[in-house]
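Below is one structure; the comments refer to it alone.
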Amino acid sequence: MRTQKIARGRRARPALSLLLALGLLVALAPAGLAAAPPPPAADGADQDELWVQPAGPLSWEAGASAAPLADVATITGPAAPAVSSPLVMCHATGQDVSITAGTLSTVVECNVTTSQDGAVYVAANATASAQGGDVEGTFRIGVDGASWPYDRAVSVYTDPLKVRNKVATINGLQPLYAGSHTIRFEVRRSRGSGALRLSLPSITAIFIPNTGTFRTCNNALDGAWTTTSNGSLEVVSCTLNAPTNGYLFFAVNGWFSNVDGYYQAFYRVQNDFGPLPPTTSDVTYRRQNVYNDSMGGGGSDDTFTVTGIRQVTAGTRAVTLRAGKWSGSGPGTVTLNDPNVMAFFFAPGEANAQVCEDQPSESWFTPFQYFSFARRCDMNLAGPSQVFMSADGYSGQYVPTPSYPYAVGPYEMGARLGVDSVTGFATTQRNINVVEDGIDMSDMGFANTTVHSVPGGNHWFYWSGALNSDPNVGTAAVYRLGMSVIAIPGGSVRTFMPSISK
């Protein structure tokens with residue numbers, strides 16, 4: 001086994017409840033698996049076991065509803081009335097677009113105006129698919145006239161036996177000076193003969209001032225990190241000094257590539273420097289497949305993202321991305337490109353913010369073509385607010401009990417964020433394919449982000465999913481789904497929907 005860092009130089013081509021199904025099924029795992037969790041396994045070993053906490057909803061065999069609010073997080077009470085917050089948010093969703101150009105073009109942008117210096121956290125994502133031939137796209141974040149230095153790459157295919165829909169994600173945190181700024185999601189075609197189709201590309205930003213008790217940290221590994229080890233290895237980390245008790249939002253992001261054959265990687269976030277939690281209670285644990293392809297210049301590329309929020313006490317706080325090779329996967333070398341770790345700290349009072357913390361991991365599944373939610377949190381907002389929502393996880397194969405009455409196999413899933421109704425916002429939909437791969441079907445990461453304006457009062461915020469109509473033969477499944485919500489006083493969110501068609 002080996003672990004090494006490779007210098008940059010491959011830029012051109014290294015580049016889903018309380019509302020449940022009526023009658024037969026509630027969207028959760030089988031009762032036979034809702035027993036006490038198995039003993040913790042070493043990273044990379046038996047990580048694909050589907051375990052649901054005993055407190056979670058019951059299986060379809062039980063024919064009973066979930067325990068009241070079993071999967072609901074009731075979060076902080078109303079913040080003190082305030083007319084503004086030092087945090088500034090923007091969000092925009094763009095039109096579907098096809099990209100064939102080899103130079104970066106803006107597919108969606110939003111604007112932030114601040115009167116002080118600080119940093120901006122940006123999350124951009126879209127459903128990526130191929131038109132007319134296999135294709136790879138490269139993604140960047142731009143601010144004003146400059147592009148941030150790190151790329152993300154995603155390969156998509158027209159072959160029905162391969163992954164046809166992926167969620168392309170890119171996150172970053174960079175300094176931002178006082179003034180008005182335009183934040184952009186930039187895309188280009190970097191490989192292949194087809195057109196890169198992006199559905200509902202979106203960009204979300206949060207400005208964090210550098211005054212008072214606000215703190216940020218950001219660290220990126222320049223180039224590629226590789227390993228063939230099944231161990232959980234540190235990739236990159238960042239630290240900050242929290243001056244008081246408060247909340248820490250964290251995000252890790254990067255992209256996998258194939259340099260010498262297909263493989264399955266796992267990755268997770270370690271908070272601070274204590275022992276790693278068992279995977280059955282670790283919402284940040286994810287798996288991802290990277291395959292071979294025939295486009296030339298290497299194999300498939302795919303992005304990964306993990307976000308979360310947690311209460312912390314004053315002192316040094318650390319966020320570390322860890323990764324390894326899942327045992328039983330293919331022969332290739334796990335390769336992470338330009339992995340990035342970022343975080344920001346705020347005290348709710350000073351930020352005039354209400355927060356929904358991330359909760360322990362849960363699993364969710366459905367064979368139905370209507371949306372049901374897998375994660376939910378409730379907040380009582382003191383007044384009209386802008387609400388930032390971030391959710392991510394990974395989709396893979398559902399392993400049923402023998403008497404499960406619905407089809408299991410390859411599928412396409414739709415994922416949405418929403419407020420107060422189960423169907424979610426259509427503008428946040430992300431589509432993911434899970435296909436046969438000869439092992440345990442593909443594991444694919446996804447992410448959704450939005451900022452939504454809501455009136456004051458009680459609201460519930462959620463992530464929901466459904467089996468898409470094409471194909472309708474499988475059972476959609478989601479693992480290690482995490483969701484975070486931050487609400488600040490404010491009015492409408494400014495959006496920009498470009499008329500772009502390429």
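For clarity, every value in this text was computed on a predicted model and none was experimentally measured.
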Without hydrogens or angle criteria, can the side chains of [X] and [Y] be said to hold a donor-acceptor pair below 3.5 Å?
| X | Y | result |
| --- | --- | --- |
| N165 | T127 | no |
| E136 | S190 | yes |
| Q397 | D440 | no |
| N337 | S257 | yes |
| S155 | Y291 | no |
| Q429 | N431 | yes |
| T106 | E186 | no |
| R189 | S98 | no |
| S484 | S390 | no |

Tell me whether [X] contacts the main-chain N or O of [Y] through its side chain, where contact means a donor paired with an acceptor under 3.5 Å.
| X | Y | answer |
| --- | --- | --- |
| R430 | L200 | yes |
| Y150 | P339 | no |
| N468 | Q369 | no |
| K166 | D301 | yes |
| D443 | N289 | no |
| D392 | V306 | no |

Please verify the inter-ring angle class for F368 with Y370; under 30° counts as parallel, over 60° as perpendicular, anything in between as tilted.
parallel
Would you call the rings of Y121 and F344 parallel, tilted or perpendicular, taking 30° and 60° as the class edges?
tilted
Identified side chain to side chain donor-acceptor pair (under 3.5 Å) partner of R152 from the options N253, T138, N125:
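Considering N253, T138, N125, a side chain to side chain donor-acceptor pair (under 3.5 Å) with R152 is found only for N253.
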From T449, T307, T204, T305, residue fulfilling side chain to side chain donor-acceptor pair (under 3.5 Å) relative to N171
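Looking at T449, T307, T204, T305, the match for N171 under the side chain to side chain donor-acceptor pair (under 3.5 Å) is T305.
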Distance, nearest 0.5 Å, that separates [atom1] of [X] from [atom2] of [Y]:
| X | Y | atom1 | atom2 | answer |
| --- | --- | --- | --- | --- |
| R310 | F249 | CZ | CZ | 12.5 Å |
| M89 | H452 | CE | NE2 | 13.5 Å |
| S395 | E412 | OG | CD | 11.0 Å |
| D420 | N458 | CG | CG | 9.5 Å |
| T100 | R188 | OG1 | CZ | 13.0 Å |
| W255 | N340 | CH2 | CG | 14.5 Å |

May I ask you to test the [X]-[Y] pair for a side-chain heavy-atom distance under 4.5 Å?
| X | Y | answer |
| --- | --- | --- |
| R197 | D96 | yes |
| W460 | C377 | no |
| Y411 | L467 | yes |
| C90 | N111 | no |
| Y394 | L481 | no |
| I486 | I309 | yes |
| M444 | D302 | yes |
| L381 | V387 | yes |

Which atom names give the shortest non-hydrogen contact between [X] and [Y], and what distance separates them?
| X | Y | result |
| --- | --- | --- |
| S442 | D437 | N-OD2, 3.7 Å |
| V156 | A128 | CG1-O, 3.4 Å |
| M379 | C356 | SD-N, 4.1 Å |
| D293 | S300 | OD2-N, 3.5 Å |
| T158 | D134 | N-OD1, 3.1 Å |
| L87 | I488 | O-CD1, 3.4 Å |

Would F345 and V312 count as a side chain to side chain contact (heavy atoms under 4.5 Å, CB included) if you check the C-alpha gap in whole Å, the side-chain angles of each, and the deciding distance to 0.1 Å?
CA-CA 9 Å; F345 168 87; V312 298; 3.7 Å; yes
Ring centres under 6.0 Å, that's the criterion: do Y479 and W364 meet it?
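Between W364 and Y479, which both carry aromatic rings, the centre distance is not below 6.0 Å.
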Working note: F461 + R375, criterion side chain to side chain contact (heavy atoms under 4.5 Å, CB included); need CA distance, chi angles, decisive distance, verdict.
CA-CA 8 Å; F461 305 88; R375 298 301 300 273; over 6 Å; no
Assess the residue pair I183 and V120 against the criterion (side chain to side chain contact (heavy atoms under 4.5 Å, CB included)); give the C-alpha distance rounded to whole Å, side-chain angles, the decisive distance to 0.1 Å, and a yes or no.
CA-CA 10 Å; I183 302 170; V120 63; 3.8 Å; yes
Residues Y267, F256; criterion ring-ring contact (aromatic ring centres under 6.0 Å, His included); working and verdict:
CA-CA 11 Å; Y267 53 99; F256 291 105; 5.7 Å; yes
Do NZ/NE/NH1/NH2 and the carboxylate oxygens of R268 and D282 come within less than 4.0 Å?
yes
Ionic contact status for R164 with D159, cut-off 4.0 Å:
no
The test is side chain to side chain contact (heavy atoms under 4.5 Å, CB included); show your working for F139 and V154 and say whether it passes.
CA-CA 8 Å; F139 307 84; V154 169; 3.9 Å; yes
